[in-house]
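The structure follows.
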Amino acid sequence: QVQLVESGGGSVQVGGSLRLSCAASGYTGKTGTMGWFRQAPGKEREGVASIYTGGRSTYYPDSVKGRFTISQDNAKNTVYLQMNSLKPDDTAMYYCATGAPDFCSVMYCPPWRYNYWGQGTQVTVSS
């Protein structure tokens, strides 16, 4: 059974940083794409980063490019999202997901491309 557990959320001020972690279990030995998504109240879930678990390919939308960095530690089956220069618009529940096709690590893929999801961790950025 695949399980994804996010951690690292919290409250920060504008310009601050946070690092989110996503620990995966039950999905070892498989390659594909893992991603981070966020959803603010009243808005659709949107992807903010993705990474190919079998290599180094990554993708970021323009809204976070240069501020967010996705990385992985395969030995720990963990994916990270380093978020810098945070803005109030970054406030949302952040989710990690996996099970997407390889090409989702080089282009944007919508949530339905991902088969497994974590429960989320809240990020709040205040001015």
Side-chain angles (χ1 to χ4, degrees):
Q1 183 177 358
V2 177
Q3 282 193 321
L4 301 175
V5 180
E6 302 97 333
S7 61
S11 296
V12 295
Q13 293 189 328
V14 170
S17 298
L18 281 175
R19 189 177 82 153
L20 307 183
S21 300
C22 174
S25 61
Y27 204 70
T28 57
K30 301 179 182 179
T31 58
T33 300
M34 289 191 73
W36 284 97
F37 286 75
R38 67 186 181 188
Q39 188 167 20
K43 295 187 177 182
E44 293 186 353
R45 191 169 295 191
E46 62 171 349
V48 295
S50 63
I51 188 167
Y52 177 54
T53 60
R56 297 184 179 182
S57 298
T58 58
Y59 172 80
Y60 305 94
D62 289 343
S63 58
V64 305
K65 194 174 294 183
R67 300 190 299 121
F68 289 11
T69 303
I70 189 170
S71 62
Q72 60 188 337
D73 184 335
N74 288 334
K76 295 181 179 180
N77 294 320
T78 300
V79 171
Y80 304 96
L81 183 68
Q82 178 67 44
M83 304 185 296
N84 299 327
S85 302
L86 284 163
K87 307 173 182 180
D89 285 350
D90 295 319
T91 295
M93 185 71 78
Y94 283 71
Y95 301 88
C96 71
T98 193
D102 297 356
F103 62 78
C104 292
S105 66
V106 295
M107 63 180 290
Y108 183 78
C109 281
W112 63 264
R113 282 286 188 184
Y114 293 78
N115 295 324
Y116 306 99
W117 291 82
Q119 293 300 308
T121 185
Q122 177 69 36
V123 171
T124 303
V125 184
S126 58
S127 56

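Just so you know, these numbers use all the heavy atoms, side chains as well, and skip hydrogens, waters and symmetry mates. Just so you know, these numbers come straight off a predicted model, no measurement behind them.
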Please determine if R19 forms a cation-pi arrangement with Y80, meaning its NZ or CZ atom is less than 6.0 Å from the six-membered ring centre and no more than 45° off the ring axis.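 Verdict for Y80: a cation-pi partner in R19.
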Any side-chain heavy atom of V14 within less than 4.5 Å of one from P88?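 Heavy-atom side-chain distance check passes, below 4.5 Å.
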Crowding at CD, Q122 (>12 non-hydrogen neighbours, <6.0 Å): yes
Q72 side chain vs G54 backbone, donor-acceptor pair below 3.5 Å: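 No.
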Please give me the minimum heavy-atom distance between A49 and P61, naming the atom from each residue.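 Reported closest heavy-atom pair: N-CD, 4.3 Å.
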Which atom names give the shortest non-hydrogen contact between Y95 and Q39, and what distance separates them?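 So the minimum-distance heavy-atom pair works out to CE1-CB, 4.3 Å.
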If I take atom OH from residue Y114 and atom CE from residue M34, how far apart are they, to the nearest 0.5 angstrom? 9.5 Å
CZ of R45 to CH2 of W112: how many Å apart, nearest 0.5 Å?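 Output value for this atom pair is 15.5 Å.
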Side chains of R67 and Y60 in contact at under 4.5 Å (non-hydrogen atoms):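 Not touching, per the 4.5 Å side-chain cut-off.
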With a 4.5 Å limit on heavy-atom distance, are the side chains of M83 and W36 in contact?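 Side chain of M83 against side chain of W36, heavy atoms only: no contact under 4.5 Å found.
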So, the side chain of T78 versus the backbone of A23: is there a donor-acceptor pair under 3.5 Å, distance only?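 Side chain of T78 to backbone of A23, a donor-acceptor pair under 3.5 Å: no, none is there.
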Calculate, to the nearest 0.5 Å, the distance between atoms OG1 and CG belonging to T33 and D102 respectively. 5.5 Å
Should the heavy atoms of other residues, nucleotides or ligands under 6.0 Å from NZ of K76 be counted, would the total exceed 12? no
Atom pair OG1/CG of T69 and L81 - distance to nearest 0.5 Å: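 Result: 8.0 Å between the selected atoms.
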Hydrophobic cluster membership, with links at side-chain heavy-atom distances under 4.5 Å among I/L/V/M/F/W/Y: are L18 and V125 in one? yes
Of the non-hydrogen atoms in A40 and A92, which two are nearest, and what is the gap between them? N-CB, 3.8 Å
Between D90 and K87, does the salt bridge (charged side-chain N to carboxylate O under 4.0 Å, His left out) criterion hold? Intermediate values first, please. CA-CA 5 Å; D90 295 319; K87 307 173 182 180; over 6 Å; no
Side-chain donor/acceptor of Q119 to backbone N/O of E6, under 3.5 Å: no
Taken to the nearest 0.5 Å, the spacing of W117 CH2 from T98 OG1 works out to 10.5 Å
Grouping I, L, V, M, F, W and Y whenever their side-chain heavy atoms are under 4.5 Å apart, do V2 and F37 come out in a common cluster? no
One should read off an interatomic distance between N77 CG and Q3 CD, to the nearest 0.5 angstrom, of 13.0 Å
Y94 vs F68 aromatic rings, parallel, tilted or perpendicular, using cut-offs 30° and 60°? tilted
Non-hydrogen atoms of Y52 and G32 that approach each other most closely: CD1-O, 3.2 Å
Quick one: which of T58, L20, V64 gives a side-chain contact (heavy atoms from CB on, under 4.5 Å) with I70? T58
Stepwise side chain to side chain contact (heavy atoms under 4.5 Å, CB included) check, S50 with Y108: CA-CA 8 Å; S50 63; Y108 183 78; over 6 Å; no
Indicate if L4 and M93 have the same hydrophobic cluster label, given that clusters are the connected sets of ILVMFWY residues with side-chain heavy-atom separations under 4.5 angstrom. no
